[in-house]
Amino acid sequence: MKKDDCIFCKLANGNIPTNTIYEDDDFRVFLDASPATAGHCLIVPKEHFDDLEDLDEAIAAKTLPLAKKIMLQLKEKLNWDGFNLVQNNREVAGQTVFHFHMHLIPRYKDDGQKIVWKPGSPDEGELEALLKKIV
Ligand code: AMP
Ligand code: ZN
C-alpha cells in the first residue's frame, strides 16, 4: 500500500524525482538530500511501512542483501574506507521520515562524521537482571 501524505512513497515510486542509483520492483535507492558523507543514500521500499516493526517479512529479507550490493558498488566507485548502516525507528530514535528506510553511509578517513552513543557502565547484577527480563 501507498500512503497519500507520505513523501517517501512519492519518492520511491517516482512521483517526485530523486537521484536514483538503483531501482527494482520492490525498492528505490537514492541519494540522501542532506548527506553525512559523499554517497550517503537511502534504501526505500516502494510499499509503505512505517518502520522495521511494521515491515513486511519478505521485504525485510531482501533489504540486507540489497544493502550489501549497493555497499560494494559504492566501494568500487567511491573507494570508501569504512561503512555504516543506520536504520532509525520512531521519533525518539531519530526517525524523521515515517516510511521505513535504511541509511547507507560510506565513511572516509577524516570525514569529520561521528555516529555515536554514550557508552553505559552497568555492573554484572544489572546485566543479569536485564537478561532475565529479555529472555
Ligand atoms: P531518518 O532521520 O532516519 O528518518 O532519515 C530521513 C532522511 O531522509 C534524512 O537523512 C533526510 O536528509 C532524508 N530526506 C528527507 N527528504 C528527502 C528527499 N526529498 N530526498 C532525499 N532525502 C531526503
Ligand atoms: Zn510511505
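None of these values were measured; they are calculated from a predicted model. Numbering of ligands and ligand atoms starts at 1, following listing order.
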Would you call D81-R107 a salt bridge at under 4.0 Å N-O? no
Nearest neighbour in protein (non-hydrogen) for atom 4 (O) of ligand 1: T96 N, 2.7 Å
Taking D51 for the side chain and N89 for the main chain, is one N or O donor matched with an acceptor at less than 3.5 Å? no
Is the contact between V86 and ligand 1 made by the side chain, the backbone, both, or neither, using heavy atoms and a 4.0 Å cut-off? neither
Closest protein heavy atom to atom 11 (C) of ligand 1, given as residue, atom name and distance to 0.1 Å: D32 OD1, 3.4 Å
Between K62 and D26, is there a side-chain N and carboxylate O pair less than 4.0 Å apart? yes
Checking heavy atoms under 4.0 Å, the part of F98 that sits near ligand 1 is neither
Output yes when the distance from some N or O of ligand 1 to some N or O of L42 is under 3.5 Å, and no in every other case. no
Look at the side chain of K10 and the backbone N and O of D4, then say whether any donor-acceptor pair between them is shorter than 3.5 Å. yes
Measuring centre to centre across the rings, with the benzene-like ring taken for any Trp, is H99 within less than 6.0 Å of F49? no
Ligand 1 versus N88, non-hydrogen atoms closer than 4.0 Å: side chain, backbone, both, neither? side chain
Quick look: H101 vs ligand 1, heavy-atom contacts under 4.0 Å, and the answer is side chain
What atoms of ligand 1 come within less than 4.0 Å of a heavy atom belonging to L31? 21 (C)
Decide yes or no on side-chain hydrogen bond (donor to acceptor under 3.5 Å, both in side chains) for Y108 and D110, but give the supporting numbers first. CA-CA 6 Å; Y108 307 94; D110 304 320; over 6 Å; no
Between F8 and ligand 1, which part of the residue brings a heavy atom under 4.0 Å of the ligand: side chain, backbone, both or neither? side chain
Restricting to N, O or S atoms, which atom of H48 is closest to the Zn ion (ligand 2)? ND1
Would V97 and H101 satisfy side chain to side chain contact (heavy atoms under 4.5 Å, CB included), going step by step from the backbone distance to the final call? CA-CA 8 Å; V97 178; H101 54 280; 4.0 Å; yes
Tell me whether V29 is reachable from L64 by hopping between hydrophobic residues (I, L, V, M, F, W, Y) whose side-chain heavy atoms are closer than 4.5 Å. yes
For residues C9 and K2, report the shortest heavy-atom separation together with the two atoms involved. SG-CA, 3.9 Å
Taking the N/O/S atoms of H99 one by one, which is nearest to the Zn ion (ligand 2)? ND1
Numbered atoms of ligand 1 (with element) below 4.0 Å of G94, judged on heavy atoms: 1 (P), 2 (O)
4.0 Å heavy-atom contact, N19 with ligand 1: no
